[in-house]
Amino acid sequence: MSLKKEIERRRTFAVISHPDAGKTTLTEKLLLFGGAIHVAGAVKSNKIKKTATSDWMEIEKQRGISVATSVMGFDYDAHKINILDTPGHQDFAEDTFRTLTAVDSVIVVVDVAKGVETQTRKLMEVCRMRNTPVMIFVNKLDREGRDPFEILDELEEELKINVRPLSWPIEMGERFKGVYNLHRNSLDLYKPSKQVVTESIHLDIDAAELNQHLGASLSDKLRDDLELITEVYPEFDRETYLAGNLAPVFFGSALNNFGVKELLDCFVEIAPSPRPIEAIEREVDPYEKDFSGFVFKIHANMDPNHRSRIAFVKICSGRFERNVNYKHVRFNRMMRFSSPTAFMAQKKEIMDEAFAGDIVGLPDTGNFKIGDTLTSGEELHFKGLPSFSPEMFKYIENADPMKSKQLQKGVEQLMDEGVAQLFTNQFNGRRIIGTVGQLQFEVIQYRLLHEYGAQCRWEPINLYKACWIESDHPSELEEFKKRKYQYMAHDKEGRDVFLAESNYILMMAQQDFKNIRFHFSSEY
Ligand code: G4P
């Protein structure tokens, strides 16, 4: 197959949702259709189940499972599908943001009873920033939920995107009859089943047979609803969807495998194949012959005796081959990989070649960090992997003076993996770790001990935000840094960061130093 055809047939995406909306269940059903698994229940939930407090075994289990389910690749019809998994727990939100930089589109799952929830809202902000095409699956129609029109309003308002239903539910809960598929003009009758694919009947909405299946009153209501949809919502337009401005909406029940095949069939038809990616130097087209890719995730080995890791590389252009020399741009050094892995279904296997859109896993002993670029030789730096200001901050202190080297190395490697962010105070050299949630501090402490034999202690520090600062007026910047010397830090790339103690202090700083720009993310 030609390079162009190989790349064109790829669909790389993530399923995102608020915990419990049905992401795991939907992913599993998608794999079932792809023949990647044969029975439901084979995909273990990649989440720390309903634990607000931390549970070490759960975290370790989660890490074990998530290597296997990080990327699930399978063939469906003529397409090669790559589903990238995202952690469900909100304390790992940064991980999810980074994964979203490696996908070409997303499917958002929403619970019909709960509507749009916090986590969905946050993840959609990231999708909007990148104009990622979005498809929505409204789940759990086998249960009582909200009125579908009301759900559509909420989706538009809360997710700030235009929507267009491509399927429409007929009743819900115990009375749920099925959906009318507007994309294919077919009536899909609901038959609760965890394994069997539902039969659908090709029926024009005006066909008289509709009454035989639904009865006169439901048929009339369906016709009225569809008329309203046509009046209120824009025609589905693929270009608008691809630009990230229109989300097609499907209704169904992942658990009962209902509406999933329709979603998948429409998905492979309209979802984008790999798209051009911005590098600082230029835009990189996936169909270019030369290989390029970037590391968006690093996964540490579960076995503390083998400190090897897997670097997940998203291929941005061309073909990646085993045992071929590629340039590690940050090191300006050629490297060769003898055992890169492909992710097929839930297995990792050594592969010989992969194409733009695919993810390859490279065994790593500490050469990579998040954002690193590999190319056939060109100097490229891909954009779009910013660090965001953490929400929580603590000083990290060495609790075992005999193991300071181990602590140093452990902290460095965990930060390269993107577990949290490190800031070094420019005034006193103390190190501050910033995270999204409390759980990350516990994970760091645990992993430092078990993987590096180092002990750390946390000490409180009262901070509100970390702001990356810049200015076109060097003297004002210098003046600011002098004035705020106790609150100036370097991030791990050595960039200047202002650690604001409170919103008020930040506002005052912004007011007093009008020529300084304060950014809440490291890429601006
Ligand atoms: P998540 O990954 O988004 O967190 O959600 P997950 O798929 O784990 O689903 C959360 C719960 O919702 C699960 O129940 C799952 O069985 C249920 N669920 C998913 N899709 C549907 C659906 O279409 N209809 C109904 N009625 N339920 C659905 P659980 O009891 O939390 O877990 P489990 O014991 O069933 O695994």
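Below, each value reflects all heavy atoms present in this structure, side chains not excepted, and no hydrogens, waters or symmetry copies. Indexing begins at 1, ligand by ligand and atom by atom, following the structure's order.
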Mode of [X] contact toward ligand 1 - side chain, backbone, both, neither (heavy atoms, under 4.0 Å):
{"X": "R143", "result": "side chain"}
{"X": "N139", "result": "side chain"}
{"X": "L255", "result": "both"}
{"X": "S17", "result": "side chain"}

Should the ring pair [X] and [Y] be called parallel, tilted or perpendicular, given that the plane angle runs from 0 to 90° and is split at 30 and 60?
{"X": "F294", "Y": "F382", "result": "tilted"}
{"X": "F423", "Y": "F393", "result": "tilted"}
{"X": "F258", "Y": "Y190", "result": "perpendicular"}

Q. Hey, are the side chains of Q421 and D491 touching, using non-hydrogen atoms and a 4.5 Å cut-off?
A. no
(Q) My understanding is that only one of V134, L84, L123, V126 makes a side-chain contact (heavy atoms from CB on, under 4.5 Å) with I16; could you say which? (A) L123
Only heavy atoms of [X], strictly under 4.0 Å: list the atoms of ligand 1 that pass.
{"X": "S253", "value": "22 (C), 23 (O), 24 (N)"}
{"X": "A254", "value": "23 (O)"}
{"X": "K23", "value": "1 (P), 2 (O), 3 (O), 5 (O), 7 (O)"}
{"X": "D20", "value": "1 (P), 3 (O), 4 (O), 5 (O), 10 (C), 12 (O)"}

Would you check the N or O atoms of [X], main chain and side chain alike, for any that come under 3.5 Å of an N or O of ligand 1?
{"X": "P19", "answer": "no"}
{"X": "L26", "answer": "no"}
{"X": "N256", "answer": "no"}

Pairwise distance [atom1]([X]) to [atom2]([Y]) - rounded to 0.5 angstrom:
{"X": "F250", "Y": "I107", "atom1": "CZ", "atom2": "CD1", "result": "9.0 Å"}
{"X": "D85", "Y": "T96", "atom1": "CG", "atom2": "OG1", "result": "8.5 Å"}
{"X": "E28", "Y": "L255", "atom1": "CD", "atom2": "CG", "result": "9.0 Å"}

